[in-house]
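Taking it in order: structure first as structure tokens, then the write-up.
Lettering follows sequence order; numbering is per chain, from 1.
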Protein chains: 2
Amino acid sequence: MVIKSKLWIEVEGEPVFGRGRRFLLQAIDKYGSINKAAKEINISYRKAWSYINAMEQRLGIRLVERQAGGKNGGGARLTEEARDFLKRYEMLEEGIREMVDKKFNEIFCKK
Amino acid sequence: MVIKSKLWIEVEGEPVFGRGRRFLLQAIDKYGSINKAAKEINISYRKAWSYINAMEQRLGIRLVERQAGGKNGGGARLTEEARDFLKRYEMLEEGIREMVDKKFNEIFCKK
DNA sequence: CTCTCGTTATGACAATTTTGCATAACGCAT
DNA sequence: ATGCGTTATGCAAAATTGTCATAACGAGAG
């Protein structure tokens, strides 16, 4: 029996950011490619692309600069806005999971 | 832009308890009927029934005593185990949402 | 005894969402 | 021109979720 928690941000009732999207952006930053990033976190390119589009549309911010074709086939990189958003989200997530786990253990396991 | 959080308990990778199931059990306790409880929280009886079955099977605990037919057509009531589980879950949930909201405001709204 | 009533119980089908596949377009390098 | 690895996107398949219809139940009324 394990505890799970999820944290996400919504705009107009639609999710725009959460742990999965965080990992996706981080991986894009690491590889400079949506394709490689999607492989890294085990989702399809299709899904990654959908995520990015939805995020950008909902937030009204450009998060990922993309180029199809060119050197090495092209690639993608994060905008400054994306980095800022990512940084804040990381701060938000920090400590929450640990707190939840601790509480769960106290209540369901100890006694 | 709003923050959302979710908390649930899994057994063998399958969800067995969360906020929705909590409301369901509480409503069953209140009305003595799965049917009425489902209406109260706006889910179909079918879904409520599936939730209960899955919970009981995964936890290996009987949570809801049911009777079809009889006085008033029958009904359902929580077992002691269900009440205990419910109580612990309420303790677990308590304070977490508030903490998340506070953190979110500090990070995303203040500045 | 038979009928009624409001339940629980379940199967079958419909609708929606998610996932995966195929393919086009791009632009630099060779 | 051709090849390469990307981004971009339509479409179908698969999985999930929701809805509806209907059976069974058992006390109580008549």
Q.
From CG of B:Asn35 over to P of D:dC25, roughly how many Å is that when rounded to an integer?
A. 19 Å
Q | Residues forming a side-chain contact (heavy atoms from CB on, under 4.5 Å) with B:Asp84, sequence neighbours excluded | A | B:Arg88
Q | Residues that A:Glu10 engages under side-chain hydrogen bond (donor to acceptor under 3.5 Å, both in side chains), provided they are two or more places apart | A | A:Trp8
Q) Between which nucleotides of DNA chain C, read 5' to 3', does contact with chain A run, using atoms under 4.0 Å from its heavy atoms? A) C:dT19 to C:dC28
Q | Partners meeting side-chain hydrogen bond (donor to acceptor under 3.5 Å, both in side chains) with B:Glu12 (sequence neighbours left out) | A | B:Arg58
Q. Any salt bridge (charged side-chain N to carboxylate O under 4.0 Å, His left out) pairs touching residues 20-34 of chain B, not counting sequence neighbours?
A. B:Arg22-B:Glu93, B:Asp29-B:Arg83, B:Lys30-B:Glu40
(Q) Across nucleotides 12-21 of chain D, 5' to 3', mark each nucleotide with B, S or - according to how protein heavy atoms within less than 4.0 Å reach it. (A) ------SBB-
Q: With sequence neighbours left out, write down each residue that passes ring-ring contact (aromatic ring centres under 6.0 Å, His included) with B:Phe104, or none if nothing qualifies.
A: B:Phe108
Q. Taking only residues two or more places apart in sequence, or in another chain, which ones meet A:Lys102 in a salt bridge (Lys or Arg N to Asp or Glu O under 4.0 Å)?
A. A:Glu106
Q: Report the distance from atom CD of A:Glu40 to atom P of D:dT6, rounded to the nearest whole Å.
A: 14 Å
Q.
When you compare the side chains of B:Gln57 and B:Glu14, does any donor N or O come within less than 3.5 Å of an acceptor on the partner?
A. no
Q | Listed partners of A:Tyr89 passing ring-ring contact (aromatic ring centres under 6.0 Å, His included), at least two apart | A | A:Phe17
Using nucleotides 27-30 of chain D, report all nitrogen or oxygen pairs with the protein that are shorter than 3.5 Å.
| from | atom 1 | to | atom 2 | distance (Å) |
| --- | --- | --- | --- | --- |
| D:dA27 | O4' | B:Lys71 | N | 3.4 |

Q: Could you check A:Trp49 against A:Gly73 and say which one's nearest nucleotide on DNA chain D is further toward the 5' end?
A: A:Gly73
Q.
Test of understanding: with side-chain contact (heavy atoms from CB on, under 4.5 Å), list the residues that count as partners of A:Ile61, not counting sequence neighbours.
A. A:Leu59, A:Leu63, A:Glu81
Q: Name all residues meeting the side-chain hydrogen bond (donor to acceptor under 3.5 Å, both in side chains) criterion together with B:Ser44; count only those two or more places apart in sequence or in a different chain, and write none if there are none.
A: none
